[in-house]
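I'd like to ask you about the structure that follows.
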Amino acid sequence: MEEKMFCFQCQEACKNTGCTFAGMCGKKAETSNLMDKLIRQLKLIALTRNVDRESGRFIAKSLFMTVTNANFDHAALQKQLDEAIKLTGENPAQLSAGVLACENEDIRSLRELLTYGLKGIAAYAEHAAVLGKEDDAIYAFFFKALQSAATEVDSGKLLAVILEAGEVAVKTMALLDQANTEAFGNPQVTAVKTGVGKRPGILISGHDLLDLKELLEQSKDAGIDIYTHCEMLPAHYYPELKKFPHLYGNYGNAWHLQNKEFASFNGPILMTTNCITPVQNAYKDRIFTTGMAGYPGVPHIADRKNGKPKDFSEIIELAKHCQAPEKLEDGTITGGFAHAQVFALADKVVEAVKSGAIKRFIVMAGCDGRQNARQYYSDVAKNLPADTVILTAGCAKYRYNKLVTGNIGGIPRVLDAGQCNDCYSLALIALKLKEVFGVKDINELPISFDISWYEQKAVAVLLALLHLGFKNLRLGPTLPAFLSPNVAKILIDTFDIKGITDPQTDINAMMAGK
C-alpha cells in the first residue's frame with residue numbers, strides 16, 4: 001500500500017521508524033502533509049526575507065503549531081500556510097515538502113534533528129513572547145537554522161548549527177524563566193490538592209500560565225472552581241496564581257490519560273497549548289482550544305487584541321450549568337522546587353552530600369507517554385536507594401510523584417521544578433552545585449540523567465544539556481527514530497548518550513556514576 005504521509009518526529013513513531021498512513025498521535029495524513037508544507041514555507045521565508053521581529057514571531061507560532069499533539073485543525077493550519085505564502089511572494093524558490101525529500105539518510109537525520117530542536121525552542125519563545133519577552137537574536141537564529149535545514153549538505157556544518165541550537169535553547173529557556181517569574185513570582189513549595197470540591201469546575205490543560213491567570217480573574221465571582229491538569233500542575237506554585245482561592249487543585253495525571261479523565265471531570269476543558277489528543281464524544285461538547293492548540297469542530301478562544309485579555313465568558317457560563325467533577329483520587333502533590341527554592345536549600349543540600357546522606361541526584365525530567373515501556377521510569381523511581389534525590393520537571397513526574405515519598409534531612413526525595421518549560425531550573429541547580437563543590441567538570445558531580453522524551457520540546461532540552469557540557473545521558477524509552485545509525489553514533493561517541501536497559505541495571509550503573 002502506498003504511503004500517505006511520513007512523520008517520525010515523536011517518540012511514539014510507528015515501529016520506531018515512522019508513521020506512514022496516520023499519526024500515532026492521532027493526526028490524519030492530510031494534516032501531516034499540510035504541516036510539511038508549512039515547514040517548507042517557513043524555510044522559504046528564511047531564505048527569501050530579511051530577519052525582523054514580526055517574521056520571527058510568525059515563524060515561532062507556526063513551528064509551535066506543528067509540535068506533536070498541538071494542532072489537528074486542518075483549517076487553522078491552512079490559514080497559517082496561506083499567511084506564510086503571502087510572506088514569500090507569488091513565486092518563491094522551490095523546495096520539496098516532506099522529510100523524505102532529502103535522500104541522503106545522514107543529512108536528512110541532521111536536518112530533522114535541527115528542525116525538531118527548533119520546534120521546541122519556538123514553543124518556549126512563543127510562551128515568553130506572550131508575556132512580553134522577546135529576543136531578536138533568537139528570531140535571527142530561526143532564520144539561520146531554517147536555512148541550514150533547507151539547503152545545507154555538509155554534515156559538519158549542520159552539526160555545528162545543531163550545537164548552536166543548544167545554546168539558543170538555553171537562552172530561550174532563560175528568557176521564559178524570566179518572563180514567568182516577573183509575571184507570576186518565584187515558585188514556592190506548595191502542597192496541591194488532588195481531590196475535588198462540590199462546585200462545578202473548569203479544567204485547564206497545556207502550558208500557558210497567562211491563559212490561566214486571565215481565566216482566574218474572569219471567573220472569581222462565578223461560583224465555580226478552576227482545576228489544573230497535567231503540565232498546568234506547577235501553576236499552583238506561583239504566588240500570583242495561587243492567591244486565587246478558587247484555584248482548587250490538580251485533576252488527573254499526564255496528557256495521554258485525558259480521554260478518561262476529561263470524561264469524568266463533567267465541566268468544560270480548556271486546552272491552552274500542545275498535548276491535546278483526539279477528542280472523544282464523552283466531552284466533545286465542552287472542550288475548547290486557544291493559542292496554538294486546535295482541533296476540528298472544537299470552539300477556539302480568540303487571541304488577545306489591543307492589549308486586552310482573552311474572553312473566557314463562554315466557557316465560564318457553560319461551567320455554571322455542569323455537575324461537579326467526579327473524584328479520581330484524594331491527596332496532595334508537593335512541588336515548587338525551582339532554582340530559587342533549591343538555592344534557598346543550598347546549605348542543607350551541600351551538607352547532606354558532604355555527610356553522605358545524599359549519595360546521588362537522579363534527573364528524571366521529560367515527557368510521559370502511552371507506551372507500556374514507560375513503566376520503566378516508575379520502577380526506577382521506586383527502586384532507587386533511599387539516599388538518592390530525584391530532580392524532575394515535565395509530565396514525566398506523573399510516573400512517580402505519587403510513589404516516592406520521604407525526605408533526607410528535610411529535603412524531599414522528589415524535587416519538582418515545574419513544567420517541561422522549567423527544565424532550565426534543573427540546569428541552574430546543577431551549575432550551582434558545580435560552583436559550590438568547586439569541580440571543573442560538571443560531569444564530576446553526583447548527578448545522573450535518566451530522561452524520558454516524547455515530543456520536540458524534549459529535543460530542545462536535550463540540545464541545551466549538550467551545550468552545557470552534560471554527558472552520560474540516558475534517553476528513553478527509545479532513541480529517536482530520526483537519528484540515522486551514523487548520526488546516533490556521533491552523539492553516542494561524543495556525548496555518551498545511551499538508551500535505557502532494565503531498571504536495576506541502570507540504577508546500579510547510575511549509582512556508580514556510569
Next item on the list: Indicate whether the side chain of T20 and that of K4 have a donor and an acceptor atom separated by less than 3.5 Å.
Entry: no

Notebook entry, point to check: Under 3.5 Å, is there a donor-acceptor pair between the side chain of K397 and the main chain of G418?
Noted result: yes

Note to self: Under a 4.0 Å threshold between the charged nitrogen and the carboxylate oxygen, would E217 count as salt-bridged to K220?
What the structure shows: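 No salt bridge links K220 with E217.
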
Next item on the list: Would you confirm whether Y248, through its side chain, and V196, through its main-chain N or O, come within 3.5 Å as a donor-acceptor pair?
Entry: yes

Item checked: Test applied, side-chain hydrogen bond (donor to acceptor under 3.5 Å, both in side chains); reference residue, Q11; option that passes from E455, R370, Q371 -> Q371

Next item on the list: Grab the two heavy atoms, one from H229 and one from W255, that are nearest each other, plus how far apart they are.
Entry: CE1-CA, 4.2 Å

Margin query: If we count only N and O atoms by modelled type, under 3.5 Å, do the side chains of Y237 and N186 hold a donor and an acceptor together?
Written below: no

Next item on the list: Establish, yes or no, whether a centroid distance under 6.0 Å links the rings of F265 and Y251.
Entry: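 F265 vs Y251: aromatic centres under 6.0 Å.
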
Checklist line | Mutual orientation of the aromatic rings belonging to H246 and F244 [parallel < 30°, tilted 30-60°, perpendicular > 60°] | finding: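 Perpendicular, since the angle between the ring planes exceeds 60°.
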
Note to self: Going by the rule ring-ring contact (aromatic ring centres under 6.0 Å, His included), which residues pair with H207 if we only count those two or more places apart in sequence or in a different chain?
What the structure shows: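 For H207, no residue satisfies ring-ring contact (aromatic ring centres under 6.0 Å, His included) once neighbours in sequence are set aside.
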
Next item on the list: Give a yes or no on whether a salt bridge exists between D450 and R474, defined as a side-chain N under 4.0 angstrom from a carboxylate O.
Entry: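 Salt bridge between D450 and R474, a charged N being under 4.0 Å from a carboxylate O: no.
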
Next item on the list: Hey, can you tell me if F482 and W453 have their rings parallel, tilted or perpendicular (30° and 60° cut-offs)?
Entry: perpendicular

Check: Angle class for the F142/Y139 ring planes (parallel below 30°, perpendicular above 60°, tilted otherwise)?
Finding: tilted

Check: Are more than 12 heavy atoms from other residues, nucleotides or ligands located less than 6.0 Å from atom NZ of K348?
Finding: no

Notebook entry, point to check: Quick check: does any side chain N or O of S219 sit under 3.5 Å from a backbone N or O of L215, one acting as donor and the other as acceptor?
Noted result: yes

Checklist line | Distance under 6.0 Å and angle within 45° of ring axis: K213 vs F184 | finding: no

Margin query: Counting only heavy atoms not in N372 (residues, nucleotides, ligands), do more than 12 fall under 6.0 Å from its CG?
Written below: no

Note to self: Any carboxylate oxygen within less than 4.0 angstrom of a Lys/Arg side-chain nitrogen, looking at D211 and R304?
What the structure shows: yes

Next item on the list: For T289 and H300, test the side chains for any donor-to-acceptor distance below 3.5 angstrom and give the result as yes or no.
Entry: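 Yes, because at least one side-chain N or O of T289 sits under 3.5 Å from a partner of the opposite role on H300.
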
Notebook entry, point to check: Does NZ in K28 sit with more than 12 non-hydrogen atoms of other residues, nucleotides or ligands closer than 6.0 Å?
Noted result: no

Item checked: Check: H236/T228 side-chain N/O donor and acceptor closer than 3.5 Å -> yes

Item checked: For the student: nearest non-hydrogen atoms of K310 and A302, plus distance ->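 For K310 and A302, the tightest heavy-atom pair comes out as CG-O, 3.4 Å.
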
Checklist line | Short side-chain donor-acceptor distance under 3.5 Å, D506 and T501 | finding: yes

Item checked: F337 versus I429, closest heavy-atom pair with distance ->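 That would be O-CD1, 4.2 Å.
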
Note to self: So which atom in L328 and which in E261 form the shortest heavy-atom distance, rounded to 0.1 Å?
What the structure shows: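 Looking at all heavy atoms of both residues, the shortest contact is CD1-CG, 3.8 Å.
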
Next item on the list: State whether a side-chain donor-acceptor pair under 3.5 Å links S205 with E231.
Entry: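 No.
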
